[in-house]
Amino acid sequence: MEYKFREIEKKWQTHWKESNAYKVSNNSDKPKYYVLDMFPYPSGAGLHVGHPLGYIASDIFARFKRLKGFNVLHPMGYDAFGLPAEQYAIEHGIHPAISTENNINNFRAQLDKIGFSFDWDREVKTCDPKYYKWTQWIFLQLFNSYFNRFTQKAESISQLISTFETEGNINFPCPGDASIEFEKDLWKSFTDEYQQEVLMHYRLAYCGYGEVNWCEALGTVLANDEVVNGVSERGGHPVVKKKLRQWYLRITEYADRLLQGLQTVDFSDAMKEMQTNWIGKSTGAEIIFNIGNRESSIASPLATSASRLTIYTTRPDTIFGVDFMVVSPEHELVKLITTTEQKAEVEKYIDYVNSRSERERMAEKKITGCFTGAYAINPFNAKPIPVWISEYVLAGYGTGAIMAVPCGDERDFKFAKHFNIPITNIIGDHFNGEEANDTKEAKLSNSDFLNGVVMKDAIELVVNQIETLGIGKKKINYRMRDAAFSRQRYWGEPFPIIWKDGVAIPIPESELPLQLPEVKSYSPGLEGEGPLSNIHDWIYQYEDADFIPPSGGKGVLETNTMPGYAGSSWYFLRYMDPHNAETFCNRKVSDYWNQVDLYIGGTEHAVGHLLYSRMWTKALYDLGFIGYDEPFKKLLNQGMIQGVSQIAYVQKIEFKENEKGEEASRGESNTIFVNGQVASVPEAKLQLYSSEVINEYNKDHFKPYNIPIELVSLNSANPKRNELNIKEALKKYSNRLNAIYITTTGFNYNGNWFIKKENDWVEDIYNEANQVFYVESEVEKMSKSKYNVENPDEIIAKYGADTFRMYEMFLGPVEQSKPWDTKGIEGVHRFLKKLWRLFYDEVKGPIWTESAPSLSERAGGEATAEELKTLHKTIKKIEDDTERFSFNTAVSAFMVCVNELADLKCNKREVLEPVLIMLVPYAPHIAEELWKALGNSNSILDAAFPVFDAKYVAESSKEYPVSINGKLRTTISLDINISQQEVEPIVLANETVQKWLEGKAPKKIIFVKGKMINVVI
RNA sequence: GCCCAUGUGGCGGAAUUGGUAGACGCGCCAGACUCAAAAUCUGGUAUUCGCAAGGAUGUGAAGGUUCGAUUCCUUUCGUGGGCACCA
């Protein structure tokens, strides 16, 4: 009888499905346990080997908890709205709902093959109207709430309105615009429209204006990762910033609670740190500087708010060390203060900055900036300070302006050096003139009334002085910004909002879900509006509804849709009560399941999804809909399984203006460079450079181009010299890879090689075999767009799901990222076959015996005590390793166990059966098969995890390592209970120790019981 | 640039709390079985000196703390992830 995994796995997968083995009840006497995987996005590429890593880990843990007697909720569903489906629709004319459904079916089929214990009755899909009805409903709750800073929680906006009617907003400063202040009478005098505008500044879900990446040529808004070097990734068209009306979530109001909540959850320190940094709470001061001019220390007589510059600093103590100011180039003051002489230069600089993404700006090493010609007046000593603009100051953070203190801040220091701005030293010896020193411990000098004060004490003095003088105030600042919550897209949740005369009117709950309309085209509307704006029947459908005031203009539906994270911010609640049509999740049910006990997913969600879902949970808690305000009790971050990409190069497209002011591009010319020489080629074709060529040029002019891995023969000795099969590329990927392939010696055009002969490029049919196009391997994220995806199906077909599951775990710690590699999968498969052979002999058939192992050496022989020792050692190890998510070492422990049992020729049912139970979480199919073969009638899924008994593993002696000065020299076998006093003479008598002592007495003998002995000479 | 993680044999990795570095698996070498192959089994396998016994070196690099450091500290280099519209 051999191990026929294909038959076995199919049999049990069918059986478990038919017997509803994974159905989970919301009523149980058992303790509950909730294991959740991060929502997958069902991409068209299907499941790759990276996805299941986390799912297998969570499945192992869920099954383990079930064996331990818990009622385990372990659901799966799909985060099904998203950009790729919409892009696919634009390109292929297939409705996103259809392609998404296909992708989901494909995902499901792949997941089913791996043997997961998901309760599929609880599947949720964010694009299902039955689901997004509740996403819209929660949005309305956020829309109808504000954050009460006294109670530190979300409360109803109607309460706020009554507060305004009785006391104005004196005690409730406006979070959206601090300048809005009114008393009750003034409030009552406001028009309805203005009252609504004011309320919008309070709502947790609100509408405002924000910048997007606008691509005129594509007529659409682009995601950050669709913009590369200031041009669109597709087509290479210019991209500019454009201000659009946008929805936001007022997550900043929750900043403090999001920080505090981190102390109550079991996330890794790294994760907590990332979230803390993202929130970026800092304490400092806002200081107002008047704009003056160089000669006069007196502010311009025309001083108005437009000639005052407010900066934010965390180091007000350095106020006398300010040598220049830096304002973000998009700051509204820039236009007003720039002098005529500097105007041209400033505008040129702003154009440069506009062409750059935020990330590029932050990552830029090169120091760039431009003087505005204006001076700010230091309010403490009336010193005029030059005002510069630079890309390193971002508009969205603080006030978008900083005071630069070169002696205390490295970036300011480099800026000052680069532009030859004189540096004032206020920290005496602590500043060496070579680099900035950000100490807070120095005594201040050159600092007027602060001279001699230690910096950290000066902070408070300055803040007090600023407040007394009325030129600023103490300010707590957050790096975190409100979350942009709208997308100019089709494939997302529509907002249940109608606009009429500039007022946002929520659609009544009874009208939900507000369904997406059918559309014929997914192209965007005018001026960056979403595709929905083209569907007139749809956007005007509520024009005459009775909840719309009859007078005024037309009521029109919001045409933006919600972003991907809307549906995933609360899905863990829907799994608990997925079919409820009355509410998003019954309160009794959410009280029963409570928090997610174990949440598994990648660190790439560290700040986005995890912060948003934490905020939604807090809001739902504040409003009384659920009973806890942190969604995830424990978070386990799975590493990424990376793909190995194959990289060729193309020239970067760089836009330059020619003399006529038109945009000209390089990188798509009709000349190519081969070995320092120029060849003429048709312009339209993609020009791919061999990786070998690139090493001879400046790499900055090229960017990587991913080649499908199946076209490449790998060179294991040198990963920079993998060979591309050009013929296959032209055949299989004719659209994408119909390119001119350029190597160091020639180029390939339409499948033919050309090399230089005499003075011309000639077709070379004789020398073809010598022409090789090299691509290099690079480890990066596995993704369809990088053509490096490895699919689990083939592996499962070859080795089976149990092998696949164990192999993915055996690769290494789940938290660690590693490139996918199938080396070693044979070993895991061999292990399962070896396990099988403890039960079945190929010729003899079943070989397990009913004879019981015994501790008594006389009766059963020594082997049986050994068998029990192996078993219980394994029980302890598997239990410990599984509890601490060390699945790779657990797999090793199974291997060790089976190796030992095979050596002992142990076929005893009493030993083997517990091993099978322990194996269920890891390899459920083979475990069930052998369990049933042993004659059990119930399913092994519901067996009880074996109980460890220390008496079977007790040792009477230990082989102690003996080190001399920390280096291992020998070992001595000693009684387990021996004391230091007893040890010393034995050690000193040891031959090896005597040899090293050379007759001298040791300085010290260190004895750590149960661990080691170290003799210090 | 900033934040986080990570670096150990030919390869994936182990060493859980500062205590025998390299468990387990792959690969490789040798052997058994076989007409042969597959499968399976046995032994070996960090580097280096040595016939051996036994030494020396060794956890990205350089320092430090310690009787003892892969583990703690400082500096530094490489790689991966995130940086707000991919999900």
Side-chain angles (χ1 to χ4, degrees), chain A residues 2 38-41 43 79 81-84 87 210 212-213 221-227 246 268-271 273-274 276-278 280 358-365 392 396 411 479-484 486-489 563-565 568 602-609 611 637 639-640 642 716 779-781 783 785 807 810-813 815-819 821-828 830-831 833-834 837 842 880-881 884 886 888-889 891-896 899 902 959-968 970-971 1003-1006 1008 1010-1017:
Chain A
E2 58 178 321
M38 282 186 191
F39 237 2
Y41 174 78
S43 89
D79 187 11
F81 277 130
L83 206 50
Q87 196 51 42
V212 295
N213 300 311
V221 174
L222 297 176
N224 279 337
D225 68 337
E226 294 179 296
V227 184
Q246 300 268 49
S268 70
D269 289 342
M271 176 62 57
E273 213 169 319
M274 277 192 262
T276 304
N277 290 336
W278 179 269
E358 198 167 296
R359 199 173 308 166
E360 284 170 328
R361 285 174 59 176
M362 288 186 291
E364 184 58 68
K365 269 190 208 165
Y392 79 84
R411 204 154 41 166
R479 202 177 71 90
M480 180 167 68
R481 312 198 283 256
D482 279 340
S486 46
R487 303 289 183 261
Q488 290 69 43
R489 302 285 178 189
Y565 65 83
S568 61
T603 45
E604 66 270 25
H605 299 283
V607 283
H609 161 65
L611 277 175
N637 290 115
M640 200 172 274
Q642 292 143 324
S716 54
V779 170
E780 56 184 355
K781 204 166 160 173
S783 137
S785 65
Y807 182 61
F810 191 59
L811 274 175
E815 302 96 317
Q816 257 168 48
S817 294
K818 51 236 151 193
D821 189 354
T822 50
K823 262 189 265 172
I825 196 164
E826 289 281 353
V828 174
R830 254 173 239 163
F831 152 75
K833 284 198 281 190
K834 194 165 181 179
R837 285 200 307 274
E842 239 176 271
D880 287 357
D881 284 358
R884 69 187 175 100
S886 179
N888 56 326
T889 52
V891 175
S892 297
F894 278 121
M895 289 174 171
V896 171
N899 287 347
E959 191 80 2
Y960 274 91
V962 180
S963 302
I964 313 286
N965 286 340
K967 282 196 195 276
L968 180 74
T970 187
T971 58
K1003 277 191 192 145
K1004 204 199 247 180
I1005 296 177
I1006 291 155
V1008 183
K1011 294 280 186 190
M1012 45 64 70
I1013 298 159
N1014 188 16
V1015 182
V1016 186
I1017 300 173

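Here is the naming used below: chain letters follow the sequence lines, and residue numbers restart at 1 for every chain.
- Base-pair partner of B:A52: not found among the strands shown (Watson-Crick or G-U wobble, both distances under 3.5 Å).
- Following rounding to the nearest Å, A:Glu826 (CD) and B:G12 (P) show an atom-to-atom distance of 19 Å.
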**Request:** Give the B/S/- string for nucleotides 81-87 of chain B, one per nucleotide from 5' to 3', where a protein heavy atom under 4.0 Å of the base yields B, of only the sugar-phosphate yields S, and otherwise -.
**Result:** SSBBBBB

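- Nucleotide B:A15: unpaired (no Watson-Crick or G-U wobble partner with both distances less than 3.5 Å).
- From A:Phe39, atom CZ reaches atom NE2 of A:His609 across 9.0 Å, with rounding to the nearest 0.5 Å.
- Remark: the backbone N or O of A:Asn1014 is not paired with any side-chain donor or acceptor of A:Lys1004 at under 3.5 angstrom.
- In this structure, NZ on A:Lys834 lies 3.5 Å from CG on A:Asn899, to the nearest 0.5 angstrom.
- A distance of about 14 Å separates the P atoms of B:G68 and B:G19, rounded to the whole Å.
- B:A5 and B:U66 are spaced 28 Å apart, taking the C1' atom of each and rounding to whole Å.
- In this structure the side chain of A:Arg487 never reaches within 4.5 angstrom of the side chain of A:Leu83, judged on heavy atoms.
- Nearest to the side chain of A:Thr971, among B:G12, B:U20, B:A23, sits B:U20.
- Take the nearest nucleotide of RNA chain B for A:Arg837 and for A:Asn965: the residue whose nucleotide is more 5' is A:Arg837.
- Atom name C1', nucleotides B:G58 and B:U40: the rounded distance is 36 Å, in whole Å.
- The base-pairing partner of B:A87, taking Watson-Crick or G-U wobble contacts with both distances under 3.5 Å, does not exist among the strands shown.
- Straight-line distance between the P atoms of B:A62 and B:G55: roughly 25 Å, to the nearest whole Å.
- Sequence order on RNA chain B of the closest nucleotides to A:Val828 and A:Asn277 puts A:Asn277 first from the 5' end.
- In this entry the distance linking CZ of A:Phe894 with P of B:A14 reads 17 Å, nearest Å.
- Considering only side-chain N and O atoms, A:Asn888 lies nowhere under 4.0 angstrom from the phosphate OP1 or OP2 of B:G12.
- As rounded to whole Å, 17 Å separates atom P of B:G13 from atom CG of A:Asp881.
- Judged by distance alone, with hydrogens and angles left aside, the side-chain atoms of A:Arg489 form no donor-acceptor pair with the main-chain N or O of A:Gly82 at under 3.5 Å.
- Within the 4.5 Å cutoff, the side chain of A:Ile1006 has no heavy atoms near those of the A:Lys1011 side chain.
- Across B:G9 and B:A46, the matching C1' atoms stand 4 Å from one another, rounded to whole Å.
- Both distances falling under 3.5 Å, in either a Watson-Crick or a G-U wobble arrangement, place B:G31 opposite B:C41.
- The separation between A:Ile1005 atom CD1 and B:G68 atom P is 16 Å, rounded to whole Å.
- Rounded to a whole Å, the CG atom of A:Leu968 is 16 Å from the P atom of B:G58.
- Rounded to whole Å, the separation between the C1' atoms of B:G18 and B:C72 comes to 8 Å.
- In this structure, the CD1 atom of A:Ile1006 is 14 Å from the P atom of B:U20, given to the nearest Å.
- B:U20 makes up no base pair with any nucleotide shown, lacking Watson-Crick or G-U wobble contacts both under 3.5 Å.
- Taking atom CD1 of A:Ile964 as the reference point, atom P of B:A56 lies 11 Å away to the nearest angstrom.
- Picking from B:C26, B:C3, B:G13 the nucleotide with the shortest atom distance to the side chain of A:Lys818 gives B:G13.
- A:Glu815 comes within 4.0 angstrom of nothing in the nucleic acid, heavy atoms only.
- Comparing atom distances between the A:Val1008 side chain and each of B:G19, B:A39, B:C11 picks out B:G19 as nearest.
- As rounded to the nearest Å, B:U42 and B:U47 have C1' atoms that lie 27 Å from one another.
- Atom CG of A:Leu611 and atom CE of A:Met274 lie 11.0 Å apart (nearest 0.5 Å).
- Nucleotide B:C26: paired with B:G10 (Watson-Crick or G-U wobble, both distances less than 3.5 Å).
- In this structure, A:Asp269 places its CG atom 11 Å from P of B:C4, rounding to the nearest Å.
- The line from CD1 of A:Ile964 to OG1 of A:Thr970 is 8.5 Å long, rounded to the nearest 0.5 Å.
- Between the side chain of A:Asn965 and the main chain of A:Ile1017, a donor-acceptor pair closer than 3.5 Å is present.
- In this structure, A:Lys967 reaches the B:U57 phosphate: one of its side-chain N or O atoms is under 4.0 Å from OP1 or OP2.
- With both pairing distances under 3.5 Å, B:U74 is matched to B:A62 as a Watson-Crick or G-U wobble pair.
- Under 3.5 Å, the side chain of A:Asn1014 and the base of B:C67 form at least one donor-acceptor pair of N or O atoms.
- Syn is the glycosidic conformation of B:G9, whose angle stays within 90° of 0.
- Using a 4.0 Å heavy-atom cutoff across all strands shown, A:Asn899 reaches sugar-phosphate atoms only and no base atom.
- Counting only heavy atoms from C-beta outward, the side chains of A:Met640 and A:Thr603 never approach each other to under 4.5 Å.
- Taking atom P in both B:A32 and B:A69, one finds a spacing of 46 Å when rounded to whole Å.
- In this structure, the nucleotide among B:A14, B:C26, B:U16 sitting nearest to the side chain of A:Arg830 is B:C26.
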